[in-house]
Each structure stands twice: as structure tokens, then as C-alpha cells.
Visitor: 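Dumping the structure here so I can ask a few things about it.
These numbers come from the heavy atoms of this one structure, side chains and all, not from hydrogens, waters or symmetry mates. Counting convention: from 1, in listed order, for ligands and their atoms alike. These numbers come from a predicted model, not from an experiment.
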Amino acid sequence: MADNAGNSDNDNDSEYDYDLFVIGAGSGGVRAARMSAQHGARVAIAEQQYLGGTCVNVGCVPKKLFVYAASFHEEFASAAGFGWTLPPASFDWSALRDNKNAEIERLNGIYGRLLNDAGVTLFSARAVIESPHEVLVDGQKISARYILVCTGGQPFVPDFPGSEHVISSDQAFFLDKLPKVITVVGGGYISVEFAGIFAGLGVETHLVYRGPLFLKEFDQDLRETLAEQMAEKGIHLHFNTEINSITKDGESLVSNLSTGEMLTSGLVMYATGRTANIQNLGLEKTAVVIDKRATVVVDDYFQTKEPSIYAIGDVIGRVELTPVAINEGMILADNLFNGGHAIMNYDFIPTAVFSQPNLGTVGHTEAQARQLYKKVDIYRSKFTPMKQTLGGGADKILMKLIVDAESDRVVGCHMLGEGAGEIIQGLAVAIKAGATKADFDATVGIHPSAAEEFVTMRAPV
Ligand code: NDP
């Protein structure tokens, strides 16, 4: 951390045009800019593309809208059991896409107003670093006491014969029309979520993943159960499979799989991770260090090796989640301009995969806990959602609590099922606060709910 960080009275403000120049108006950058301005700093922000970054434009927000769209499929199917007779449902992709686009434009506007109201100067242009205290933007050289790099990431597609034919999630949000058949590649959040979206919207969906089972960072039990349920919904899962090459055959793309099979689809979408947006940013004109993963090296205070330059969010490659970038931005603003000295705590960050059903998780998986603690108690419950008793369907809810037997602390909480993201967010407060299994047992359930199972599981497996 800079010696002068959080100690602005040592500095001569007028020496620079701004106290902080933020490059990238995504979730982290906007929050850091607004908070810094609220602490009295003179702040500018540059954005070359769209306000709100990946999350708002080609990530969390439009994805969740698509997840809602896809979920109607099952809602319609279960309606008859509750007495409803519906006309045959039909789906109009262009209506969904255009309504989504309009909503995103509305959010872009809100981001602009938030910055404006906070007194942040917005440059709708690409900014490039000229020196440790200078950026070039809109043809102007601007100086700043601190520069914050939060330029996010972009989809990574490996290079192989035919890779020029594939799309990434960036394009998937704006398709002219849906294909009849799609191949989605990867075993992370994006591939699993998009496989559920496409399948729910009626597209024959193939998920190709090089490993034995997707979502390798998550609890094995939940991964297996999610795979079973996705297969049950008709999603074709091709595990231990890679695409060697893709050829174009008229309107179709033929993927030559490592298993020897040929898979023909209208689109192939790669979701094989993301790389930091740091190319041609001028970082080479500074002492900023880039690591082997091509992310920006920062210390506990988000300071790079160049004392006046900081970085947060996906460019530092720690935890690539919107709320993490936002928290990093708030901590940095407080440290730089409000006398704070906090460091970000990355323990017990809850997260959800918006698959169908959702997978929500906080804390350690069973396998991780067994490595970390001497004795671990596992509480596990798998049951049929109440809605299915009349509505039909083959989903199962799976819940799991991982307890460090020595301290009784709940160190992992996992759920697969409708609303898992919402439920785990609530429980994450308890887990972060160090709740024990005894605290869970002492909590009264809400009946009838799925979530009550988390406070009624008594016998470890
Ligand atoms: P992830 O890092 O989650 O997953 C990438 C996947 O691609 C892995 O399964 C990986 O395989 C595979 N892969 C990587 N390289 C290759 C290759 N050369 N050939 C074949 N497969 C390859 O990335 P995503 O793109 O899904 O998402 C990016 C990030 O965005 C996530 O890590 C997450 O932090 C964030 N995100 C969060 C969401 C949420 O909160 N709900 C939603 C969407 C994204 P392997 O497993 O073998 O390494």
C-alpha cells in the first residue's frame, strides 16, 4: 500500500488533474469511483464500451433474465397438475432478446446517472496509461494521483482448427435466431448455465467438457446430482470429451470429437474461461507486474508494483465474481480516501450457479473439509420438492452441511434445488459469522419450505 494511502493531507491535490482515474466502468470500477468521490476525492472514470461492464451487459444480469425465460418451460409443464389448462406455449427469441436489450440500456443509464450524481467525470472512451500518473483519453493527457485498473476480462477460446467458427457467451446474448441444436463447450459456470438456458428455450443442447464431471470446484455430490438432473431434462452431456476440430457444412458446424464421434449443430459456444483485459493498456510503461496467468499482481491493498497504480476485479484474477469486485472497490476507496486500512477477506464467499436447478454454495466442499479438519461430520438430505407432488417432474433437492466436528462450526453449506442461490445467500451470513451446528439445530424452521431442512437435519451420514 502506498505510504500516503488513506493519508491525503500529506499530498498536494492540485498537483494532479484528479485524485483517482479509474479505467473501466464495470461493477468494481463504478463502485470504487462513486465511493471515492463520496469520500471527497476528485474522480474520473473511462469506459470504452458499456457502463456496468460484463455483469450488466454480457454476464450476470442478462444471463439471469434468460434463466427466468428458460424456467417457464417447466412451469408450464407443471401447471396442469394444479388444475390449469394452458394453450400450447410458443416462444419468441427476438422478443426476449429485445426486451433484455431494452432493460440493459435502462441499467446503463442508471449507471451513468449514479456516476454523475456522485460527481465523477465520465470519459466514454478508451484510456491508455502513459506513465505512473498519466492516462491518455479522448486525445487528452490527464494526470491523477492514483490510477485504478479494473478493465475486467473477456472470453478465452483456445486455438484449434475451426475455432474461428465458434461464438462465446458475448455473442450468445445477441443471436439473430436460436439454433435447433447447440454445442456448448466447457465445464464452468457459463457452460452449465447456458446449457440450461438453451435447453429450457427448446434447443437440443450438447455440453462438451474435457473432464469427467463439470464444476470441479464444487461439492462432488451436488455436481453428480446436477449432472443427473440435466441429463434427465434432455441435455446431452459429453464428459471426458474435447473438440479436435470444427468444419463448416453449409449452415451447420460439424465438431470432430476426441471420442471419434461427429457432432453437428447450428452453433458452437465456447465457455472455456476468461482472460484479463490488459492488452495495449500501457502497463509496460510502468512497473506493474503481470503474472503467469496474465493477471495483474497486487498486494493485500490492491496496489500493483507501481505505487500509484491499483487494480481490482477480474484483472487481478482472484475471485471473478461481481460482488467480490464491488467489495474490493469499496475497500480500496475507503483505504485511499477515508483513512481505512482494511484488507479484503475472501473466506466464505457464497456463490451460485444458475443452472436448472440452481446450485448454491458457501464454504468448503466435503473433500476440502476432509483435507482441512481432523474430523468432519456430514449432514445430507435429498428429497423431492413439494411442488412436484402435483406438478410432476423428476428434480430432487440436495442439501449438505459440512461440520468441523472438533469446533462444531459449519464450514460448508451446499444446496441443489430451486431457489438455492437465494437460500444460500441467507445462510452465508450465519456461516460467515461462525455458526455452529448447534446454532442451526436451535433455529426454528419455516414450514413448509425446502430451506427448513437445513435446520432439521440431525443425524450425520
Ligand atoms: P470457468 O473458469 O468457470 O470454467 C472454464 C471451463 O473451461 C473449465 O471447465 C475448464 O476446464 C474449461 N477449459 C479451459 N480451457 C479449456 C480448453 N483449452 N479446452 C477445453 N476446456 C477448457 O470459466 P467460465 O468461462 O465458465 O466463467 C468465467 C468466470 O466467470 C467464472 O470462473 C466465474 O468466476 C464467473 N462467472 C460467475 C457466474 C456466477 O456467479 N453465477 C456465472 C458466470 C461466470 P477444467 O475444469 O478442466 O479446467
Side-chain angles (χ1 to χ4, degrees), residues 26-28 53-68 70 152-163 166-173 183-197 206-218 220 222-223 226-227 237-246 255-259 268-277 293-295 313-328 346 349-362 415-416 420-422 424-425 428:
S27 304
T54 300
C55 174
V56 169
N57 295 278
V58 286
C60 328
V61 175
K63 178 274 308 288
K64 190 76 186 280
L65 295 175
F66 284 5
V67 169
Y68 284 130
Q154 58 186 303
F156 158 77
V157 176
D159 197 19
F160 62 92
S163 60
V166 314
I167 63 163
S168 70
S169 52
D170 280 3
Q171 289 86 46
F173 286 111
T183 303
V184 179
V185 184
Y189 285 80
I190 298 180
S191 62
V192 172
E193 291 181 340
F194 266 93
I197 289 168
H206 295 258
L207 190 153
V208 174
Y209 173 49
R210 64 185 179 182
L213 183 61
F214 50 35
L215 298 174
K216 69 178 180 194
E217 309 297 333
F218 291 81
Q220 177 81 10
L222 283 92
R223 296 160 69 200
L226 177 60
L237 301 173
H238 306 259
F239 291 147
N240 294 313
T241 306
E242 291 191 61
I243 293 183
N244 290 335
S245 62
I246 296 177
S255 300
N256 173 8
L257 304 183
S258 54
T259 53
V268 179
M269 185 190 112
Y270 264 67
T272 43
R274 298 175 63 84
T275 51
N277 280 330
R293 299 178 305 141
T295 55
D314 288 1
V315 284
I316 63 171
R318 285 187 180 166
V319 182
E320 294 173 24
L321 297 173
T322 296
V324 171
I326 289 173
N327 274 32
E328 290 172 345
Y346 293 92
I349 293 173
T351 181
V353 182
F354 292 98
S355 45
Q356 281 143 347
N358 288 186
L359 194 164
T361 187
V362 57
M415 174 176 173
L416 180 73
E422 307 289 340
I424 292 294
Q425 176 66 85

Visitor: Would you call E320-R274 a salt bridge at under 4.0 Å N-O?
Guide: no

Visitor: Mind checking whether Y189 and F218 have parallel, tilted or perpendicular rings, split at 30° and 60°?
Guide: perpendicular

Visitor: Between F194 and F173, does the ring centroid distance fall short of 6.0 Å?
Guide: yes

Visitor: Starting from the N and O atoms of ligand 1, find every protein N or O within less than 3.5 Å and list the pair with its distance.
Guide:
from     : atom 1 : to   : atom 2 : distance (Å)
ligand 1 : 9 (O)  : G187 : N      : 2.9
ligand 1 : 9 (O)  : G188 : N      : 3.4
ligand 1 : 11 (O) : R210 : NE     : 3.2
ligand 1 : 11 (O) : R210 : NH2    : 3.4
ligand 1 : 25 (O) : G273 : N      : 3.0
ligand 1 : 26 (O) : Y189 : N      : 3.3
ligand 1 : 26 (O) : I190 : N      : 2.9
ligand 1 : 34 (O) : E320 : O      : 2.7
ligand 1 : 41 (N) : E193 : OE2    : 3.0
ligand 1 : 41 (N) : A352 : O      : 2.8
ligand 1 : 46 (O) : Y209 : OH     : 2.6
ligand 1 : 46 (O) : K216 : NZ     : 3.4
ligand 1 : 47 (O) : Y209 : OH     : 3.1
ligand 1 : 47 (O) : R210 : NE     : 3.0
ligand 1 : 48 (O) : R210 : NH2    : 3.1
ligand 1 : 48 (O) : K216 : NZ     : 2.8

Visitor: Does F160 have more than 12 heavy atoms from other residues, nucleotides or ligands lying within 6.0 Å of its CZ?
Guide: yes

Visitor: Surrounding CD of E422 (heavy atoms of other residues, nucleotides or ligands, distance under 6.0 Å), is the total greater than 12?
Guide: no

Visitor: Please identify which of these residues, S168, P158, S163, meets the side-chain contact (heavy atoms from CB on, under 4.5 Å) condition with Y270.
Guide: P158

